[in-house]
Number of protein chains: 2
Amino acid sequence: MGATKSQHFTDKQNSIAVMIKALGHPARIAIIEYLIKVDSCICGDIVNELPLAQPTISQHLKELKNAGLIKGNINGNAICYCIDEKAIQKLQNYFGNISKKLENKNNCC
Amino acid sequence: MGATKSQHFTDKQNSIAVMIKALGHPARIAIIEYLIKVDSCICGDIVNELPLAQPTISQHLKELKNAGLIKGNINGNAICYCIDEKAIQKLQNYFGNISKKLENKNNCC
DNA sequence: CAACATTATCGTAATATTGCAATATTAAAA
DNA sequence: TTTTAATATTGCAATATTACGATAATGTTG
């Protein structure tokens, strides 16, 4: 045991969970927020901005990319990362839908 | 090593990450979706609905509760769990804000 | 009270994640 | 072509997560 039993859940549940999980780490939140703050793509300076070693950041970027949250373009010997708006919209919609469904509800708690 | 270096990030970043992380597992997504589907609180039947053992579900419920995503009311010998709408709204706002900030942006990727 | 139902906790095994030093890769610059 | 800069990969140690059997705790019902 120890591994998540993905087989038991639907594809939708698994895929949204993967996306959300990718954001469930302060370093990755910080990366996303930095991408927003600089209002452009990251081309190299992120390692200086975050208090983590370069391999660690590289790993976090990879995870964000695997989850579809950021896109990366090779640009010479630098790599240009930016947020994938579609992914953010998916998440926004997901929570928006939940909110909407909760509105017409009489919770007993 | 191995532990997340929370000290290096802001309180906001850490707290949103904790919340998001709590949802980053298909079982916990399934729990939330089930809570929405039944359109009321869970009072006991969730163990029969999910393909996981009772202690595992109890643990997932605990995590959701710790992260503030659900509330639990004791109700006789059953416990009544329901979604905390405020938490969902926080998440919706978080992604809504990101989306808004991305709109006025010329991404290079 | 005894039996039952419901949920929580403990203990533990299996697996995953986090972080970094060392090293590799790749492309630009000198 | 050597050097430099930027990023990725590998390997590994530390820690966290996931899952569940066993058991405890607590309230309900007969």
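The basis for the numbers below is simple: all heavy atoms, side chains too, and nothing from hydrogens, waters or symmetry mates. These figures come from a predicted structure and were not determined experimentally. Chain letters run A, B, ... following the sequence lines, proteins first, then strands; residues in each count from 1.
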Looking at [X], I'd like to know whether one of its side-chain N or O atoms comes within less than 4.0 Å of OP1 or OP2 on [N].
X: K21(B); N: dA16(D); value: no
X: H25(A); N: dT17(D); value: no
X: H60(B); N: dT17(D); value: no

Contacts of type salt bridge (Lys or Arg N to Asp or Glu O under 4.0 Å), residue E63(A), not counting sequence neighbours:
R28(A)
Rounded to whole angstroms, how far apart are [atom1] on [X] and [atom2] on [N]?
X: I20(A); N: dT17(C); atom1: CD1; atom2: P; result: 16 Å
X: D45(B); N: dA5(C); atom1: CG; atom2: C1'; result: 14 Å
X: H8(A); N: dT18(D); atom1: NE2; atom2: P; result: 15 Å
X: L50(B); N: dA19(D); atom1: CG; atom2: C1'; result: 14 Å
X: N66(B); N: dT18(D); atom1: CG; atom2: C1'; result: 16 Å
X: I31(A); N: dG19(C); atom1: CD1; atom2: P; result: 10 Å
X: K5(B); N: dA16(D); atom1: NZ; atom2: P; result: 14 Å
X: N14(B); N: dT18(C); atom1: CG; atom2: C1'; result: 14 Å

Please check this pair: side chain of N14(B) against backbone of S6(B), looking for a donor-acceptor N/O pair closer than 3.5 Å.
yes
Using nucleotides 8-11 of chain C, report all nitrogen or oxygen pairs with the protein that are shorter than 3.5 Å.
| unit_1 | atom_1 | unit_2 | atom_2 | d |
| --- | --- | --- | --- | --- |
| dA8(C) | OP1 | Y81(B) | OH | 2.6 |
| dA8(C) | OP2 | S58(B) | OG | 2.8 |
| dA8(C) | N7 | Q54(B) | NE2 | 2.7 |
| dA8(C) | N6 | Q54(B) | OE1 | 2.9 |

Check the orientation of H60(B) and H25(B). Use parallel for under 30°, tilted for 30 to 60°, and perpendicular for over 60°.
tilted
Kindly state each residue pair satisfying salt bridge (Lys or Arg N to Asp or Glu O under 4.0 Å) with at least one member in residues 49-62 of chain B, sequence neighbours excluded.
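Matches after skipping sequence neighbours: none remain.
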Distance alone, cut at 3.5 Å: any donor-acceptor contact between the side chains of Q13(A) and E33(B)?
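Side-chain D/A pair, Q13(A) to E33(B): present.
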Side chain to side chain donor-acceptor pair (under 3.5 Å) partner of S99(B), chosen from E85(A), Q92(A), Q89(A)
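Among E85(A), Q92(A), Q89(A), the one that satisfies the side chain to side chain donor-acceptor pair (under 3.5 Å) with S99(B) is Q92(A).
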Separation of I16(B) CD1 from Y94(B) OH (nearest 0.5 Å):
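Taking OH in Y94(B) and CD1 in I16(B), the distance rounds to 6.0 Å.
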